[in-house]
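Input: a single structure, listed below in structure tokens.
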Amino acid sequence: PNAYARASETAAYVRSKLPEALQKPKVAIVCGSGLGGLVDTIEAEPKVELAYSTIPNFPQSTVQGHAGNFVFGLIGPQKIPVALLVGRAHFYEGHTMDLVTFATRVCKLLGIGTMIVTNAAGGLNENYEVGDIVCLNDHLNLAGLVGIHPLRGPNIDEFGVRFPPLSDAYDLDMRRRTHKAWKKLGLDQQKRRLHEGVYAFVGGPSYETRAECRMLRILGADVVGMSTVPEIIVARHAGIRVLAFSLVTNKAVLDTGLRGNDDTIQAMSKTELDEHLNKGKANHQEVLEAGREAAKDMQGLVKQILSDLHED
Ligand SMILES: Nc1nc2ncn(CCNC(CO)CO)c2c(=O)[nH]1
């Protein structure tokens, strides 16, 4: 059966597990690496947590820091019904693009109209610091440009058109609301900054080389990561409004590094060489740590955006 049939089956299963109060979530929040803490913003009751392993057709998440739960609950005093995807399937795990974007299609069939997608990313823009948040306003779909694309193959008309436009993919009104919420929370008075920028999607799982980081920067990317873009494209195809945030968990290394023919390094000790090489080497533990650090502000921001949205 095609993705529509499978997503319909899964949506019916999920709905059957939800009490009346949680049946009609309008917003879904995708929690990126180490950002599972967003679940804490959900009130205690009523709350339903479905492990991906128990949901038919759902891909299993195999990455540390990606739990794998579909959580339904109410957020804030206005008791806004939301769905949280804690953990996502990544292309680098070996999942097909279909599976990577399956949860997005299930959200569509659950009646979700807005998705807030968060991820951890490497900072390419030299003005970014670890811990900064980047509200995405565009992306470079490197894999998609060479045909590794979630909409490749027969179009599923029930979701959307054959050739969807993406020039307005990152909802301008939602971005405006984000910057307004950031100020309203007084978050602009502290160290962590909120930027707007372009996300480069790479397949992974290896982190980029120095030359690839320089190339991505020249191509106009501000952050680089291994997720999000396939979900954004499938969400837009299905007419879901999207807002996406990258948390800068490490600064990508753009300098060329030392050259073997530099006279200066001939005199350097092995330890000094190793010190230089370890500087800026990306690793997953620092990604998760930065995620946990920023979770509080990210939670506050998402809650404020939802609250303001609910007011209107
Ligand atoms: N240079 C660089 N730094 C990064 N920090 C987080 N990510 C996103 C990838 N996250 C993976 C591995 O941490 C887990 O999904 C990246 C990345 O892709 N590149």
Side-chain angles (χ1 to χ4, degrees), residues 29-38 52 59-69 85-97 99-101 103-104 117-136 139-144 148 150 192 195 197-232 244-257 277-295 298:
I29 303 165
V30 180
C31 304
S33 299
L35 292 170
L38 275 166
Y52 291 168
Q60 301 317 304
S61 173
T62 65
V63 180
Q64 187 197 2
H66 280 264
N69 291 309
L85 288 157
V86 186
R88 56 159 63 97
H90 299 81
F91 187 68
Y92 61 71
E93 294 174 71
H95 295 306
T96 61
M97 276 294 175
L99 273 177
V100 166
T101 58
T104 306
V117 184
T118 67
N119 63 56
L124 294 167
N125 185 316
E126 49 290 342
N127 300 322
Y128 293 180
E129 294 305 327
V130 170
D132 283 1
I133 296 174
V134 186
C135 181
L136 303 184
H139 69 234
L140 296 175
N141 181 10
L142 294 160
I148 301 176
R192 194 188 310 281
H195 307 277
V198 176
Y199 178 100
F201 169 60
V202 295
S206 61
Y207 290 115
E208 317 68 41
T209 65
R210 296 162 186 267
E212 286 164 348
C213 287
R214 286 198 303 278
M215 174 196 77
L216 293 172
R217 187 75 187 115
I218 291 165
L219 292 176
D222 295 294
V223 287
V224 53
M226 307 172 188
S227 70
T228 301
V229 166
E231 294 129 285
I232 296 291
F245 295 116
S246 286
L247 170 72
V248 178
T249 55
N250 49 294
K251 289 175 77 87
V253 182
L254 283 93
D255 63 86
T256 55
L277 290 169
N278 284 330
K279 219 171 47 203
K281 210 168 178 175
N283 73 76
H284 193 53
Q285 290 321 310
E286 70 177 7
V287 168
L288 295 180
E289 178 48 37
R292 278 190 291 275
E293 284 274 300
M298 188 73 100

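All values below come from the heavy atoms of this structure, side chains included, with hydrogens, waters and symmetry mates left out. Sequential numbering from 1 along the given sequence is applied to the chain's residues. In listed order, ligands and their atoms are each counted from 1.
- If you number the atoms of ligand 1 from 1 as listed, the ones under 4.0 Å from a heavy atom of H284 come out as 12 (C), 13 (O), 14 (C).
- Under 4.0 Å from ligand 1, not a single heavy atom of P205 appears.
- By the 4.0 Å heavy-atom criterion, G204 is excluded from the residues contacting ligand 1.
- Counting heavy atoms from C-beta outward, K281 and Y207 have side chains that stay 4.5 Å or more apart.
- Of the options T209, L247, N250, the smallest heavy-atom separation from atom 5 (N) of ligand 1 is shown by N250.
- Here atom 1 (N) of ligand 1 lies nearest to E208 when heavy atoms of E93, R88, E208 are compared.
- Shown in contact with T249 at under 4.0 Å from a heavy atom are these atoms of ligand 1, numbered in order with element: 5 (N), 6 (C).
- Considering only residues two or more places apart in sequence or on other chains, R217 meets the salt bridge (Lys or Arg N to Asp or Glu O under 4.0 Å) condition with E126, D222.
- Under the salt bridge (Lys or Arg N to Asp or Glu O under 4.0 Å) criterion, E129 pairs with K251, not counting sequence neighbours.
- Considering only non-hydrogen atoms, atom 9 (C) of ligand 1 lies nearest to M226 out of E286, M226, Q285.
- Between V117 and R88 the shortest side-chain heavy-atom distance falls below 4.5 Å.
- Looking only at side-chain heavy atoms (C-beta outward), V202 and V224 come within less than 4.5 Å of each other.
- Residues N119 and T228 bring a donor and an acceptor atom of their side chains to less than 3.5 Å of each other.
- Within ligand 1, the atoms closer than 4.0 Å to a non-hydrogen atom of H90 are 15 (O), numbered from 1 in the order shown.
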